[in-house]
Amino acid sequence: MFKTMLQMMGQQADAILAERESAGALWLNEWAKVFSKAFEPESTVVYTSVYAFPMELLAAFDVVPFDFEVAGAMISNTDMGVPTLIEAENRGYPMDMCSFHRMALGASYNDYFPEPDVFITTSYYCDHKAKANEIFSVLLGKKSFLLYVPSEITRDSISYVEKQLRQIAAMVSKAAGQELDEDRLKEAVRSSNRARKSHLRMLELLRRRPAPWGGMQLIGFSINGLMFTGTEVKERMNEAFIAQMERRISRGTLRPERHRLYWFAWFPTYRSNLFDILVENEVSVPLCETFRVYWDEIDEDRPFEGLALKCLQNPFVGPVGRRTQDLDRIMDEFGIDGAVLFATPACRHANAAYRLLKDSAAQHGVPFLLLDMDISDPRTYSPEQTRTRIEGFIELLEQRR
Amino acid sequence: MLCTCSYVPEEIIVAAGLVPKRIIPGARPSGADAHMHPNTCSYVRSVLASALAGDVSKASGIVIANSCDGMRRLHDLWNAYVADVPALFLDVPKKSDPVSVEYFASELKRFASQLEARCGGSRVTEARLAGAIRECNEVRGLMGDVFRLQRNPLSNVSGSAVHELFLRGIDSHPTAFADEIRGFISARAGQEALPKGARIALTGGVVHRLDLIECIETSGGRVVVLNTCPGARHYEMLVAENSPDPMVALAERYLQKPSCARMEGIEERFQHLRRLASDSAADGVIYVSVKFCDTYLYEIPLMRATCEDAGIPFLAIESDYEWTGLEQMRTRVEAFLAVAGERRSG
């Protein structure tokens with residue numbers, strides 16, 4: 001079922017690309033290609049957190065990354081979503097668990113996913129991913145590695161993360177039957193640095209009013225677009241989105257915009273009216289926190305240390321202050337009128353921070369909406385409730401204009 | 001010195017001249033609703049509610065371990081809204097391999113210096129630390145005797161008595177607690193054995209209140225293992241004495257002791273539980289988790305399968321930390337004890 005979905009996604013993206021340039025279609029096409037490749041018997045498949053793990057390291061090997069959260073999110077956007085959740089629930093996984101992981105476990109029990117060779121994940125963003133990763137590894141009988149990233153950036157913590165990255169390299173090398181090629185790793189780091197530069201150009205364009213891009217596609221790309229980091233594909237995608245934004249600006253085909261939102265973290269992966277309501281009301285989302293460039297350029301001559309530092313600099317590691325750092329400048333530069341925390345029930349690290357995020361937004365004079373809504377389980381979704389909450393918030397923004 | 005987790009090495013606190021005290025909050029979790037989303041673990045919310053209510057203002061400080069997402073946010077919120085009690089943060093790796101031990105040892109050294117700098121502790125010298133390690137090891141050894149008595153079908157040491165002992169232990173200096181344990185053991189010598197009943201291994205996370213244990217006992221069961229955060233896991237495995245680097249010895253013990261669900265090592269945890277059940281001749285396992293404590297919730301299906309494969313009846317119970325609805329749980333417990341009892345007689 002999942003494999004067929006990927007084929008259809010690739011075909012649809014191909015059809016669009018045959019007609020016109022589309023950064024979104026390019027992204028979907030590459031995404032479908034990578035996940036489809038994971039089903040090929042000769043592929044070495046590394047299950048990982050594509051949005052959190054330093055993918056430059058995997059780009060140095062002939063391995064195929066696969067992320068069960070991203071894959072589960074794709075299923076939730078189909079009619080198979082709820083039955084897949086029920087599959088996991090029937091096996092005893094409680095409904096208080098993150099729906100991302102219930103979905104992924106259900107899909108795995110239904111044999112939708114490719115066979116893994118190795119499991120690698122990070123201790124950030126949340127506890128659950130690491131736990132789900134280990135459960136998968138137990139169920140499927142494959143080794144797992146947890147990259148533990150401490151809260152503080154110190155000489156000891158950099159060294160600790162660096163050592164773990166070297167262990168991971170050895171583990172992947174063994175699984176892939178391939179020695180680590182230092183030059184290839186350097187090239188992956190160089191590619192990542194180039195993509196970082198183009199990412200900064202994207203942010204520059206997104207500061208413009210009206211925003212030349214944004215919303216759900218931007219948030220989605222900010223998360224799983226990171227899967228391609230360290231490869232020329234990521235560079236190509238960034239350039240494609242830049243070109244698309246520049247075209248929109250030069251042709252004047254920008255959506256009208258009355259308000260601009262800053263988005264904290266996630267969005268519903270099933271069909272919902274959330275972003276349609278925003279568009280209807282001329283509200284744009286030109287920036288989400290997962291699209292920020294939080295890391296420094298990586299030293300290609302010391303790639304392990306550089307990647308360790310990149311992990312440690314992730315704002316989802318350590319105190320919430322890292323997420324709110326620079327918010328003042330960002331709100332100003334992007335002309336932000338409001339902030340939304342998408343609070344999926346089981347996202348403890350995000351939800352438990354709501355007061356701090358809210359207070360931080362308030363310090364910058366920006367109203368804050370805590371939007372309680374599940375990320376992957378549509379059974380609790382109410383279009384009318386969503387409309388009421390979003391429109392109420394927009395009214396508040398209107399009053400402040 | 002308050003702490004929130006059994007992964008905080010109390011030896012360092014003792015060596016700093018302070019008394020470790022596991023925080024058992026009295027405030028209702030809902031007291032923190034204005035600061036923390038209600039779908040966060042009730043223990044974490046209850047700790048925050050107590051602090052916001054000023055219940056802990058006399059403490060020298062609190063050390064919040066990086067136990068879970070909820071605890072990390074507790075540390076953030078504490079720093080922002082609880083001004084009078086300094087909060088230290090202890091990063092505890094979720095793994096126990098040599099590089100993690102090495103890192104944790106460095107983190108422990110930092111923790112020791114923070115106790116002195118921010119909480120009024122004395123300097124943690126090697127001699128003081130060695131002394132504290134010996135004192136805490138003595139407690140562990142004595143608690144091992146208590147656990148053997150608890151398992152012994154001919155003894156009169158009930159689960160509730162052992163749990164009450166835990167509660168005293170997490171609030172005492174180890175030397176005083178060692179005396180208390182000796183008193184506990186000697187007071188029970190020669191007393192009549194407890195009545196027979198289904199033997200239950202209770203395992204899980206934060207169990208501070210007696211409610212469930214009493215519920216099992218008043219329903220005719222006998223709690224022979226208490227593998228919980230403040231319970232047996234806190235006392236198992238000694239710290240190596242006379243190590244060239246006591247911080248490394250502490251790091252090894254704390255990361256390698258029988259683990260809580262926050263740690264990697266699901267299969268090792270299951271093996272440990274099977275061993276506990278076998279050593280104590282348990283007739284059933286009751287697994288208890290605080291609502292929204294995901295690290296425990298996620299493991300339930302595999303834990304159930306493990307027990308069932310071993311032919312051990314398994315019951316998962318979720319509490320809201322306040323044990324609301326205990327009488328509804330009693331029905332489940334009674335039914336479970338009947339099943340476990342059948343296994344025993346069969």
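Proteins get letters first, then strands, A, B, ... in listed order; numbering begins at 1 in each. As a basis for the values below, the full set of heavy atoms in this structure was taken, side chains included, without hydrogen atoms, waters or symmetry mates.
Both the backbone and the side chain of B/Ala34 come within less than 4.5 Å of a heavy atom of chain A. Heavy-atom distances place both the backbone and the side chain of A/Tyr93 under 4.5 Å from chain B. Only the backbone of A/Tyr125 comes within contact range of chain B, with at least one heavy atom under 4.5 Å from a heavy atom of that chain. Of the two parts of B/Ala261, the backbone and the side chain both hold a non-hydrogen atom closer than 4.5 Å to a non-hydrogen atom of chain A. Contacts between B/Arg72 and chain A at a heavy-atom distance below 4.5 Å involve the side chain alone, from C-beta outward. Heavy-atom distances place the side chain of B/Asp97, and not its backbone, under 4.5 Å from chain A. Neither the backbone nor the side chain of A/Asn133 comes within contact range of chain B, judged by heavy atoms closer than 4.5 Å. The contact between A/Pro319 and chain B is made by backbone and side chain atoms together, counting heavy-atom distances below 4.5 Å. Both the backbone and the side chain of B/His35 come within contact range of chain A, each with at least one heavy atom under 4.5 Å from a heavy atom of that chain. Of the atoms belonging to B/Met71, not a single heavy atom falls under 4.5 Å from chain A. Of the two parts of A/Leu105, neither the backbone nor the side chain holds a non-hydrogen atom closer than 4.5 Å to a non-hydrogen atom of chain B. Neither the backbone nor the side chain of B/Glu107 comes within less than 4.5 Å of any heavy atom of chain A.
At least one cation-pi condition fails for A/Arg322 and A/Phe316: the charged atom is not both under 6.0 angstrom from the six-membered ring centre and inside a 45 degree cone around its axis. For the pair B/Arg45 and B/Phe292, the NZ or CZ position fails the cation-pi test of under 6.0 Å to the six-membered ring centre and within 45 degrees of the ring normal. Stacking of A/Lys163 on the aromatic ring of A/Phe304 is not recorded, the 6.0 Å distance cut-off and the 45° axial limit not both being met. In this structure, B/Arg262 is positioned above the aromatic face of B/Tyr7, its NZ or CZ under 6.0 Å from the six-membered ring centre and within 45° of the axis.
Side-chain atoms of A/Asp326 and A/Tyr294 form no donor-acceptor pair, as typed in the model, at a separation below 3.5 Å. Of the N and O atoms on the side chains of A/Ser99 and A/Asp374, at least one donor lies less than 3.5 Å from an acceptor on the other residue.
Residues B/Val333 and B/Ile317 have side chains in contact (heavy-atom distance under 4.5 Å, counting atoms from C-beta outward). Contact check for B/Phe104 versus B/Val92: side-chain heavy atoms found under the 4.5 Å cut-off.
Contacts with chain A were tallied for B/Thr40, B/Asn66, B/Asp91; B/Asp91 has the most, counting heavy-atom pairs under 4.5 Å. With chain A as the partner, the residue from B/Ala305, B/Ser106, B/Ala316 showing the most heavy-atom pairs under 4.5 Å is B/Ser106. Of the residues considered (B/Leu297, B/Leu48, B/Val44, B/Leu74), B/Leu297 shows the highest number of contacts with chain A, using heavy-atom pairs under 4.5 Å. Among A/Cys347, A/Ser159, A/Ser157, A/Gly321, the residue with the largest count of heavy-atom pairs under 4.5 Å with chain B is A/Ser157. Per-residue heavy-atom pair counts under 4.5 Å with chain B were compared for A/Glu134, A/His101, A/Arg102, and the maximum is reached by A/Glu134. Listed options A/Ala130, A/Ser137, A/Ala132, A/Pro150 were ranked by heavy-atom pairs under 4.5 angstrom with chain B; first place goes to A/Pro150. Of the residues considered (A/Gly92, A/Ser151, A/Ala353), A/Ser151 shows the highest number of contacts with chain B, using heavy-atom pairs under 4.5 Å. Chain A forms the most heavy-atom pairs under 4.5 Å with one residue out of B/Ile300, B/Asp294, B/Leu302, and that residue is B/Asp294. Chain A forms the most heavy-atom pairs under 4.5 Å with one residue out of B/Glu102, B/Glu267, B/Arg304, B/His37, and that residue is B/His37.
Comment: A/Asp67 engages A/Lys129 in a salt bridge, judged by a side-chain N to carboxylate O separation of less than 4.0 angstrom. A salt bridge links A/Asp127 with B/Lys94: the distance from a Lys NZ or Arg NE/NH1/NH2 to an Asp or Glu carboxylate oxygen falls below 4.0 Å.
Here the two rings, on B/Tyr321 and B/Tyr43, have centers that are under 6.0 Å apart. Ring centroids of A/Phe68 and A/Phe136 are separated by less than 6.0 Å, placing the two rings close together.
The line from CD1 of B/Ile64 to CG of B/Leu2 is 9.5 Å long, rounded to the nearest 0.5 Å.
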